[in-house]
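In each ligand, atom 1 is the first atom listed, and ligand 1 is the first ligand listed. What you see is a predicted model, and the numbers here were worked out from it, not measured in a lab.
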Amino acid sequence: MAIRIDGKAISAQIREEIKAECAAFVAETGILPGLAVIIVGENPASQVYVRNKKKACEEVGFHSVVYELPEGTEQGELNALVDRLNTDPTIHGILVQLPLPKHLDETEVLLRIDPNKDVDAFHPYNVGNIMIGDYRFLPCTPAGVMALLERTGVEIAGKNCVVIGRSNIVGKPMAMLLLHANGTVTVCHSRTKNLAEITRQADILVVAIGRADFVTADMVKPGAVVIDVGMNRRADGKLTGDVDFASVEPIASAITPVPGGVGPMTITMLLKNTLTAAKKA
Ligand code: GUN
């Protein structure tokens, strides 16, 4: 039976460390790390995420501001707000909650965020830095996965690491971080042939495809470490991951549950990036 990797407990531990580091930084400099979060429209899932981000900031002693803009906000208004926050000395991190309403251009707004305040690490400048292994800001979800592996004592060097999913937010940067940690990395996606054959080679399997209970026991090598980035809502309203937990848990050596695995780590890494940004400012 696998060890359950407790993302809530590990997250709480790291947040305590950030809180202490923040207090020391404030005592030394008088500067309060500040995060601005922009949300446009009324996406209920996004509203929950944004609320949690604000609460997490308050818990570690950061300054945080949430800008809730109406659905009909125009590109020019959104750009102008980003421009203003870029030059606001009390704000060290800027996060534009995605997805944006259809009439707004995500790329345009993400490009506009000062790379020094880009705590999501979505700006091409920071994406490029990730490619070359210069980690000022780590993308929050992959960084959270790395922290879970590290704090669980999972060795990555020389291991076969398989990532399912190739999104810009998770799959691609995840592969890069595992590669920098000296893993042998394979990235699979919707067009991959013989997927199960490849995933069965994985010592470390990271799943981020957004399909409920997609990875079943026959796709997993006995003793593998399985990290589930998925967050899917079942018909009955329950949250479930991309991994069929019930069938995979008995054969894995370690596994993250959903909820309570990767989820709590994402905001924790956002806090870490915000503190890094404040220290660099
Ligand atoms: N929407 C879903 N995940 C994220 C994230 O990590 N950052 C932002 N900005 N929006 C998201």
Side-chain angles (χ1 to χ4, degrees), residues 7 11 14 34-57 62 64-69 71 73 78-79 81-82 85-86 91-102 104-127 130 135-148 163 165-174 176-177 206-211 227-233 239 241-242 258-259 261-274 276-277:
S11 188
I14 298 174
L35 176 70
V37 178
I38 303 172
I39 175 170
V40 186
E42 315 245 312
N43 181 318
S46 290
Q47 286 171 327
V48 173
Y49 290 137
V50 167
R51 214 178 305 137
N52 289 340
K53 284 168 185 169
K54 181 162 175 56
K55 189 163 157 262
C57 279
F62 292 0
S64 76
V65 196
V66 176
Y67 293 87
E68 294 177 277
L69 307 183
E71 180 79 26
T73 299
L78 180 58
N79 291 350
L81 174 58
V82 170
L85 294 169
N86 278 340
I91 294 300
H92 306 99
I94 303 168
L95 182 146
V96 177
Q97 186 65 32
L98 303 179
L100 288 171
K102 291 272 178 290
L104 294 171
D105 186 337
E106 274 179 14
T107 306
E108 184 177 327
V109 71
L110 294 179
L111 272 170
R112 210 159 178 112
I113 296 173
D114 179 348
N116 295 307
K117 296 191 176 188
D118 173 35
V119 285
D120 259 330
F122 288 171
H123 191 290
Y125 177 85
N126 287 316
V127 174
I130 292 155
Y135 298 154
R136 180 177 36 170
F137 297 132
L138 287 161
C140 298
T141 302
V145 172
M146 295 304 283
L148 286 178
V163 178
R166 56 172 159 178
S167 69
N168 289 333
I169 296 185
V170 184
K172 281 186 218 167
M174 185 75 251
M176 212 39 70
L177 299 192
V206 181
V207 193
I209 41 166
R211 286 172 66 177
I227 306 291
D228 189 350
V229 182
M231 271 233 251
N232 311 289
R233 195 66 71 177
L239 210 55
D242 290 349
V258 177
V262 175
M265 295 298 288
T266 299
I267 294 181
T268 301
M269 294 299 120
L270 171 68
L271 298 174
K272 197 167 174 196
N273 284 345
T274 303
T276 301

Indicate yes or no: at least one non-hydrogen side-chain atom of Arg136 is less than 4.5 angstrom from one of Tyr125. yes
Tabulate distances under 3.5 Å between N/O atoms of ligand 1 and N/O atoms of the protein, writing both atom names on each line.
residue	atom	partner	partner atom	Å
ligand 1	1 (N)	Gln97	NE2	3.2
ligand 1	1 (N)	Leu98	O	2.9
ligand 1	7 (N)	Asp120	OD1	3.1
ligand 1	7 (N)	Asp120	OD2	3.3
ligand 1	9 (N)	Val96	O	2.8
ligand 1	9 (N)	Asp120	OD2	2.6
ligand 1	10 (N)	Leu98	N	3.0

Nearest non-hydrogen partners of [X] and [Y], listed with the distance:
X      : Y      : answer
Gly7   : Leu148 : CA-CD2, 3.9 Å
His123 : Ile113 : CD2-O, 3.4 Å
Glu71  : Pro101 : OE2-CB, 3.5 Å
Ile94  : Leu35  : N-CD1, 4.3 Å

For the CD atom on Glu68, are there more than 12 heavy atoms of other groups (residues, nucleotides or ligands in this structure) within a distance under 6.0 Å? no
